[in-house]
Amino acid sequence: RMLTTAAKLAVPTCLMHYRGNPDTMMELTQYGNVVEDVAQHLTELARKGAASGMFPWNIILDPGIGFAKTAPQSIACLRETRRFAECNASQVTRGRHALLLGP
């Protein structure tokens, strides 16, 4: 329903890659190729947004830095931000640096 509501309101909406929930996400860090797997997921989110009637310029994608990704995986995603720009959205966020610092 969120995508349909965002489309009706014609507001910018951030769609993020993540797995699990805060309690389980760090157990879900297995990827074949983290950048490509995340890019495929973001492309699908952008497709669903467009199919719901969202304007492409209102779709913002977030690779979910630190969410179900180890620090090296998050760094790989940051290095390959340009790959996520190919996922049919107008904007891609770059993440929150504090998540990479750890405790």
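Note that the structure is a prediction, hence the values are computed from the model and not measured.
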Residue pairs fulfilling salt bridge (charged side-chain N to carboxylate O under 4.0 Å, His left out) with at least one residue in residues 22-40, sequence neighbours excluded: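 For residues 22-40: Glu36-Arg83.
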Fellow cluster residues of Phe55, listed by chain then number, with links counted only when side-chain atoms sit under 4.5 Å apart: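 Result for Phe55 is Trp57.
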Residue pairs fulfilling side-chain hydrogen bond (donor to acceptor under 3.5 Å, both in side chains) with at least one residue in residues 7-20, sequence neighbours excluded: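 Residue pairs passing side-chain hydrogen bond (donor to acceptor under 3.5 Å, both in side chains), neighbours aside: His17-Lys69.
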Straight-line distance of Leu61 CG to Thr81 OG1, nearest 0.5 Å: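 It comes to 12.0 Å.
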How close do [X] and [Y] get, counting heavy atoms only, and between which atoms?
{"X": "Ser74", "Y": "Gly66", "result": "OG-N, 2.9 Å"}
{"X": "Leu42", "Y": "Leu15", "result": "CD2-O, 4.0 Å"}
{"X": "Phe84", "Y": "Ala39", "result": "CE2-N, 3.7 Å"}
{"X": "Ser52", "Y": "Leu3", "result": "OG-CB, 3.5 Å"}
{"X": "Ile65", "Y": "Cys77", "result": "CD1-CB, 3.7 Å"}

Residues that [X] engages under side-chain contact (heavy atoms from CB on, under 4.5 Å), provided they are two or more places apart:
{"X": "Ala76", "value": "Val34, Val35"}
{"X": "Thr43", "value": "Cys87, Asn88"}
{"X": "Ile60", "value": "Pro12, Cys14, Gln91, Thr93"}
{"X": "Met26", "value": "Thr29"}

Check against side chain to side chain contact (heavy atoms under 4.5 Å, CB included), Asn33 and Gln40: CA-CA 11 Å; Asn33 177 313; Gln40 287 176 2; over 6 Å; no
Contacts of Arg79 that satisfy salt bridge (charged side-chain N to carboxylate O under 4.0 Å, His left out) - sequence neighbours left out: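 None.
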Residues in side-chain hydrogen bond (donor to acceptor under 3.5 Å, both in side chains) contact with Arg47, at least two apart in sequence or another chain: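 Partners of Arg47 by the side-chain hydrogen bond (donor to acceptor under 3.5 Å, both in side chains) criterion, ordered by chain and then number, come out as Glu44.
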Path from Met2 to Met54 over hydrophobic side-chain contacts below 4.5 Å: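 Yes; Met54 is reachable from Met2 via cluster members.
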